[in-house]
Enquirer: 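My questions will all concern the structure given below.
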Amino acid sequence: MSLLTVENLSHSFIDKTLYENAYFDLHKSEHMGIVGQNGAGKSTLIKILMGKIIPDEGEIKWQPSIQIGHLDQYAEIDGNNTIWEYLKTAFEDLFEMENKMNRLYQDSAITGNTEQLLQAATYQEQLEANDFYSVDNNINKIAAGLGIDAIGIDRKIQELSGGQRAKVILAKLLLEKPNVLLLDEPTNFLDKEHVEWLANYLEAFDGTFIIVSHDFDFLEKVSSCICDIEFGTIKKYYGKYSDFLRQKEHLRQDYIRRYNAQQKKIEKTEEYIRKNIAGNNSKIAKGRRKQLERMERIAAPTFTHKPSIQFDEAPITTHTVLTVKDLEVGYVSALLPKLNFSVMGGQKLIITGFNGIGKSTLLKTLVGRIPAISGYFRFSDQIKMGYYEQDLNWGNGAMTPLKIISEQFPKLNVKEIRQHLARCGVKDKNLSQAISTLSGGEQSKVKLCGLLLSPFNFLILDEPTNHLDAEAKEALRKALIQFKGSVLLVSHEESFYCDWADGIFNIENGIM
């Protein structure tokens, strides 16, 4: 029996159809990955399954009494609680049961009431069955796996960064162990080590989950089936992510073959009709014309045009272009030991370290967004810097992609702006929508477009792949390989940079 059945699902957003008469089901113990291009409706689908968005049409049928756990990174939390106190709330019902048990034991000791003693013993059995006496150990295991112990288990929630807070919410969700997990981009705020730990955890998870992710190495490890959202349909494929890619490519090639064969048949039939409609074979020609009119036409392949990314490069020498000496970064106090490193012209350096340790803070210091606490850094005079910030913050969320690029580059006309946005994979129908209404991936592509339109010789990029779909991610990877300038990149996706990085600098221990 299916835990979830989705039938005849149709939903539109503004003038864009996300799904039309789509259907799929989810069975017990299935590990489902949701994939699709930016803006296809992956996050919207999760919200529909949670009941937060009502679809235009269709039915969402969950099995009765099913426990569903949703990763809500923006959930309201009492900021005065410590991380430990918050994580313990995952076992509130068990702690309440323990209190009832203790009261019954105390009362029975005074009254000698046998029924109270038996009820207390029943509670004791239920607590043992739910592994209650290992709660502290389980919390510590999850906290260590996600790197929360490095933050400090006794820190208050209100002191945490957005990424740290999201990590703590994920930890509580895993501790609750619902029947079904719904996870939307859980790896975005995790480092490589913690992504690996989560992948191992989910691979062994005996429950069911649906997960949206652009980290395809992660999906390959954790998924047993894939739902692909494309052209208004949701198609389920069985197997790993790599199995899905092979099946999809086979179906695409088969579709193209069937389309081409039908086009040849139509062309041949139309030629026969033209030659014979007024001759001796007029009756046959008219019959074939009727057949042509009744034919169900296969739509022309509209497989999405892949982005084409190329940076506008400024000249650069091979000498040292960035020197960092005894640099301390932070907001009130230093987050890291004193940093010492340098970057040569044309060198591509990856910054690694635990999430929340200060990688983004280092980049913001280098680009002048926040002041250094002590020490110094110096770029060479010839440097023209380009900076990609991971946060999708816009001064005015009502502005459209066209307006944003137009204000940044007023010399460009509308046609040129459209062409540049299209090369970054921004769909034409999204150009006039408010930027705040677009998916994270679509917003990232608009930011990327702005970066491509100025000449740079030093790129500083903070998690640029977080929201990008497979095509855009691959286009960016190729562009960085071809880029002749220097690159300073923060990324948790080793597969994105492993074949082109010149060096890796771990800022936790200062080792490069």
Side-chain angles (χ1 to χ4, degrees), residues 2 5-25 34-42 44-45 48 54-61 225-239 243-308 415 418-419 422-423 425-433 469-471:
S2 297
T5 302
V6 176
E7 295 178 333
N8 303 317
L9 177 64
S10 296
H11 191 67
S12 297
F13 182 71
I14 306 179
D15 60 346
K16 176 183 180 181
T17 299
L18 296 178
Y19 336 105
E20 190 168 5
N21 297 321
Y23 65 91
F24 69 93
D25 52 18
I34 303 288
V35 300
Q37 292 208 316
N38 295 137
K42 301 182 294 296
T44 300
L45 178 60
I48 288 174
I54 305 301
D56 299 336
E57 294 180 29
E59 289 186 287
I60 311 297
K61 299 177 183 176
C225 61
I226 298 289
C227 268
D228 181 36
I229 305 176
E230 187 176 47
F231 309 130
T233 64
I234 303 175
K235 183 172 177 57
K236 185 176 180 180
Y237 297 81
Y238 290 93
D243 298 321
F244 148 71
L245 288 179
R246 285 192 294 270
Q247 293 174 63
K248 183 172 181 178
E249 182 59 27
H250 175 76
L251 290 173
R252 280 189 168 185
Q253 293 302 321
D254 181 62
Y255 186 94
I256 292 170
R257 281 194 296 270
R258 289 189 293 110
Y259 171 77
N260 289 335
Q262 188 183 68
Q263 288 300 302
K264 288 180 181 177
K265 183 178 180 180
I266 291 171
E267 186 179 342
K268 187 176 179 180
T269 303
E270 287 176 340
E271 185 179 357
Y272 181 88
I273 293 169
R274 282 195 302 272
K275 288 180 178 180
N276 296 281
I277 194 67
N280 294 331
N281 296 323
S282 174
K283 189 174 182 180
I284 298 174
K286 288 178 180 178
R288 291 191 180 182
R289 185 165 61 185
K290 287 182 180 179
Q291 289 177 354
L292 210 56
E293 290 170 353
R294 290 194 297 267
M295 179 185 289
E296 187 174 342
R297 303 285 180 110
I298 299 173
T302 55
F303 305 136
T304 308
H305 176 69
K306 293 183 179 180
S308 176
K415 182 180 178 181
R418 285 179 175 273
Q419 289 172 340
R423 290 192 190 105
V426 183
K427 299 179 182 69
D428 190 62
K429 55 190 170 186
N430 294 328
L431 299 183
S432 299
Q433 286 184 216
D469 52 41
E471 289 83 2

Enquirer: Might you work through the side chain to side chain contact (heavy atoms under 4.5 Å, CB included) test for Glu471 and Gln37, ending with a clear yes or no?
Expert: CA-CA 8 Å; Glu471 289 83 2; Gln37 292 208 316; 3.1 Å; yes

Enquirer: With heavy-atom distances below 4.5 Å as the criterion, would you say the side chains of Ser12 and Asp56 are in contact?
Expert: yes

Enquirer: Enter the distance from Leu292:CG to Tyr272:OH here, rounded to the nearest 0.5 Å.
Expert: 13.5 Å

Enquirer: Taking side-chain contact (heavy atoms from CB on, under 4.5 Å) as the definition, give me every residue that meets it alongside Glu20, ordered by chain and number, with sequence neighbours left out.
Expert: Ser10, Thr17

Enquirer: Heavy-atom distance under 4.5 Å between the side chains of Asp25 and Val6, does that happen here?
Expert: no

Enquirer: Is there a side-chain contact between Arg246 and Asp243, using heavy atoms and a 4.5 Å cut-off?
Expert: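 With C-beta onward as the side chain, the pair touches.
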
Enquirer: Applying salt bridge (Lys or Arg N to Asp or Glu O under 4.0 Å), can you list everything that pairs with Arg289, at least two apart in sequence or on another chain?
Expert: none

Enquirer: Under the salt bridge (Lys or Arg N to Asp or Glu O under 4.0 Å) rule, collect the residues that match up with Glu57, sequence neighbours excluded.
Expert: none

Enquirer: How would you list, by chain and number, every residue that makes a side-chain contact (heavy atoms from CB on, under 4.5 Å) with Ser432, sequence neighbours excluded?
Expert: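 By the side-chain contact (heavy atoms from CB on, under 4.5 Å) rule, Ser432 matches Leu402.
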
Enquirer: Please identify each residue that fulfils salt bridge (Lys or Arg N to Asp or Glu O under 4.0 Å) with Arg257, with sequence neighbours left out.
Expert: Asp254

Enquirer: Enumerate, atom names and distances included, each donor-acceptor pair closer than 3.5 Å involving a side-chain atom of residues 262-271, sequence neighbours excluded.
Expert:
{"residue": "Gln262", "atom": "OE1", "partner": "Ile298", "partner atom": "N", "Å": "2.8"}
{"residue": "Gln262", "atom": "NE2", "partner": "Glu296", "partner atom": "O", "Å": "3.0"}
{"residue": "Thr269", "atom": "OG1", "partner": "Lys265", "partner atom": "O", "Å": "2.7"}
{"residue": "Glu271", "atom": "OE2", "partner": "Lys275", "partner atom": "NZ", "Å": "3.2"}

Enquirer: Of all residues at least two apart in sequence or in a different chain, which pass the ring pair (Phe, Tyr, Trp, His ring centres under 6.0 Å) check with Tyr237?
Expert: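 Per chain and number, Tyr237 pairs via ring pair (Phe, Tyr, Trp, His ring centres under 6.0 Å) with Phe244.
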
Enquirer: Checking Phe13 now: which residues fulfil side-chain contact (heavy atoms from CB on, under 4.5 Å) with it, not counting sequence neighbours?
Expert: Leu18, Gln433, Thr437

Enquirer: Look at the side chain of Ser308 and the backbone N and O of Arg423, then say whether any donor-acceptor pair between them is shorter than 3.5 Å.
Expert: no

Enquirer: Looking at Asn38 and Asp469, would you say the former's side chain and the latter's main chain have a donor-acceptor pair under 3.5 Å?
Expert: yes

Enquirer: Among residues at least two apart in sequence or on other chains, which ones pass side-chain hydrogen bond (donor to acceptor under 3.5 Å, both in side chains) with Arg418?
Expert: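 For Arg418 the side-chain hydrogen bond (donor to acceptor under 3.5 Å, both in side chains) partners, ignoring immediate neighbours, are Asp428.
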
Enquirer: Roughly how far, to the nearest 0.5 Å, is OG1 of Thr5 from CZ of Phe24?
Expert: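 The distance works out to 9.5 Å.
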
Enquirer: Mind checking the CD1-CD1 spacing from Ile273 to Ile284? Nearest 0.5 Å is all I need.
Expert: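 The distance works out to 12.0 Å.
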
Enquirer: Could you pull out all residues at least two apart from Asn21 that satisfy side-chain hydrogen bond (donor to acceptor under 3.5 Å, both in side chains)?
Expert: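 side-chain hydrogen bond (donor to acceptor under 3.5 Å, both in side chains) list for Asn21, sorted by chain: empty.
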
Enquirer: Quick one: list whatever passes salt bridge (Lys or Arg N to Asp or Glu O under 4.0 Å) with Lys286, sequence neighbours left out.
Expert: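 Checked Lys286 against salt bridge (Lys or Arg N to Asp or Glu O under 4.0 Å); zero matches.
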
Enquirer: With heavy-atom distances below 4.5 Å as the criterion, would you say the side chains of Lys235 and Leu251 are in contact?
Expert: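 Answer yes - side chains close enough.
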
Enquirer: Looking at residues at least two apart in the chain, or sitting in another chain, which of them share a side-chain contact (heavy atoms from CB on, under 4.5 Å) with Ile229?
Expert: Tyr19, Ile34, Ala40, Lys42, Leu45, Ile234

Enquirer: If you look at every heavy atom in Thr44 and His11, which pair is closest and at what distance?
Expert: CG2-CD2, 4.0 Å

Enquirer: Got a salt bridge between Lys236 and Asp228, using NZ or NE/NH1/NH2 to carboxylate O under 4.0 Å?
Expert: no

